[in-house]
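All values below were derived from every heavy atom in this structure, side-chain atoms included, with hydrogens, water molecules and symmetry-related copies excluded. One is the number of the first residue; the rest follow in order along the sequence. Please read these numbers as outputs of a predicted model, since none were measured by experiment.
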Amino acid sequence: MGTFERYLSLWVAACIVVGIALGYALPGLFARVAAAEIANVNIFVAVLIWLMIVPMLLKIDLGALGSVRRHWKGVGVTLFINWAVKPFSMALLGTFFLGYLFRPWLPEAEIGSYIAGLILLAAAPCTAMVFVWSNLCEGEPNYTLSQVALNDVIMVFAFAPIVALLLGVASITVPWDTLLISVLLYIVVPVIAAQLVRRALLASGGQPALDRLLAALGPVSLIALLTTLVLLFGFQGEAIIAHPLVIALIAVPILIQVYFNAGLAYWLSRRFGVAWCVAAPAALIGASNFFELAVAAAISLFGIGSGAALATVVGVLVEVPVMLSVVALVKKTRPWYERSLPA
């Protein structure tokens, strides 16, 4: 690990501060950058995510995807966390913290909307950013791609019913354009492009050529990650400074839910004897969220200035730094995990 990677947590903290400061000082600039979007998918963030996920996608050998069948327990754990635990645990945590414990410090008229935003956030499992987290923790790339693809398919059918059930509404408006464009931008196109580059490199220079490219892309991927942090916090710089208490209180159930779901997935993986290279990304996939879809759904259902939209944005702000801490935890506990695997 190089010096840059060793102090990644320091750079993350610095980028958060810089992002908030720039967003507050230059709101017009960040508003224009934020407006460059298609179906609520920001173009600048999409490009940065591409730069982050390319190293992971280049490691994927599509011919080896069949081997994922031996990791079926890891797939089962993640599906259980994403669809049977996460939305419902968030509904409970949001109701307890925002609807009861923190009620005196929140605007009464917005509490229900805040809880709805948290539910929307939890009902959409992460897609593109999972490749970043899995790459950082040296997760099994074929498992990660298979799990993301499976979650995308399930999300098409399960997102609306789960949200409708938990919000108590007869029907919801699913932002299909955001869902489909995100899958196309973050999964289909980059996977195809990465496979074409991978095959060309292996054909011309073999594995050493691919390894050289991956080594060169390592710093690019981390710089893109840090730049994304600056943008995300810059987009909300004014709101963070104007409403710091509300944002901090909304973040509490999100933080608890991330660590709870990641820990549960990690523990279940160990109980079922799942290899660490699968358990690590399983924990991360189980904890992270598809924030583009959540934000778009919140805006379409409740409006851009609603408490629900604000709650989903808080999820966006929490996502990167918190998931980086989960990456650090699963890497630090790898010796314990592998030593404790059932014989």
Does a side-chain heavy-atom distance below 4.5 Å link [X] with [Y]?
{"X": "V230", "Y": "F235", "result": "no"}
{"X": "I16", "Y": "P321", "result": "yes"}
{"X": "Q207", "Y": "L210", "result": "yes"}
{"X": "L284", "Y": "M323", "result": "yes"}
{"X": "F88", "Y": "L92", "result": "no"}
{"X": "F233", "Y": "C15", "result": "no"}
{"X": "V197", "Y": "L213", "result": "yes"}
{"X": "L136", "Y": "L324", "result": "yes"}

Any side-chain to backbone donor/acceptor pair from [X] onto [Y]? Under 3.5 Å, distance only.
{"X": "Y100", "Y": "T95", "value": "no"}
{"X": "W276", "Y": "V330", "value": "yes"}
{"X": "N82", "Y": "I285", "value": "yes"}
{"X": "E110", "Y": "G307", "value": "yes"}
{"X": "R198", "Y": "L58", "value": "yes"}
{"X": "S113", "Y": "A308", "value": "yes"}

*Would you please test S134 and Y143 for side chain to side chain donor-acceptor pair (under 3.5 Å) and show each step?*
CA-CA 10 Å; S134 184; Y143 159 78; over 6 Å; no

So if you build clusters from Ile, Leu, Val, Met, Phe, Trp, Tyr with side-chain heavy-atom gaps below 4.5 Å, do [X] and [Y] land together?
{"X": "L264", "Y": "L329", "value": "yes"}
{"X": "V54", "Y": "V189", "value": "no"}
{"X": "M90", "Y": "L106", "value": "yes"}
{"X": "V77", "Y": "W267", "value": "yes"}
{"X": "F131", "Y": "V47", "value": "no"}

Output a table of donor-acceptor pairs, distance under 3.5 Å, between side-chain atoms of residues 240-259 and any protein atom two or more places apart or on a different chain; print 'none' if there are none.
residue, atom, partner, partner atom, Å
Q257, NE2, K86, O, 3.2
Y259, OH, S325, OG, 2.7

Just verifying a value: how many Å separate [X] [atom1] and [Y] [atom2], rounded to the nearest 0.5 Å?
{"X": "L231", "Y": "F44", "atom1": "CG", "atom2": "CZ", "result": "8.5 Å"}
{"X": "L232", "Y": "T227", "atom1": "CG", "atom2": "OG1", "result": "10.5 Å"}
{"X": "I115", "Y": "L93", "atom1": "CD1", "atom2": "CG", "result": "11.0 Å"}
{"X": "N142", "Y": "E140", "atom1": "CG", "atom2": "CD", "result": "5.0 Å"}
{"X": "L150", "Y": "L145", "atom1": "CG", "atom2": "CG", "result": "11.0 Å"}
{"X": "L120", "Y": "L166", "atom1": "CG", "atom2": "CG", "result": "9.5 Å"}

*Looking only at non-hydrogen atoms, find the nearest pair between C137 and A280 and report the distance.*
SG-CB, 3.7 Å

*asked:* Which heavy atom of W83 sits nearest to which heavy atom of F159, and what is that distance?
replied: CZ3-N, 4.5 Å

*According to the interplanar angle, ranging from 0 to 90°, do the rings of F102 and F97 count as parallel (below 30°), tilted (30 to 60°) or perpendicular (above 60°)?*
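Correct class here is tilted.
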
_Partner set under side-chain hydrogen bond (donor to acceptor under 3.5 Å, both in side chains) for Y114, not counting sequence neighbours_ = none

*Could you walk me through whether E319 and S288 pass side-chain contact (heavy atoms from CB on, under 4.5 Å), step by step?*
CA-CA 7 Å; E319 174 92 1; S288 53; 3.1 Å; yes

*Check step by step if side-chain contact (heavy atoms from CB on, under 4.5 Å) holds for W133 and V326.*
CA-CA 9 Å; W133 315 138; V326 176; over 6 Å; no

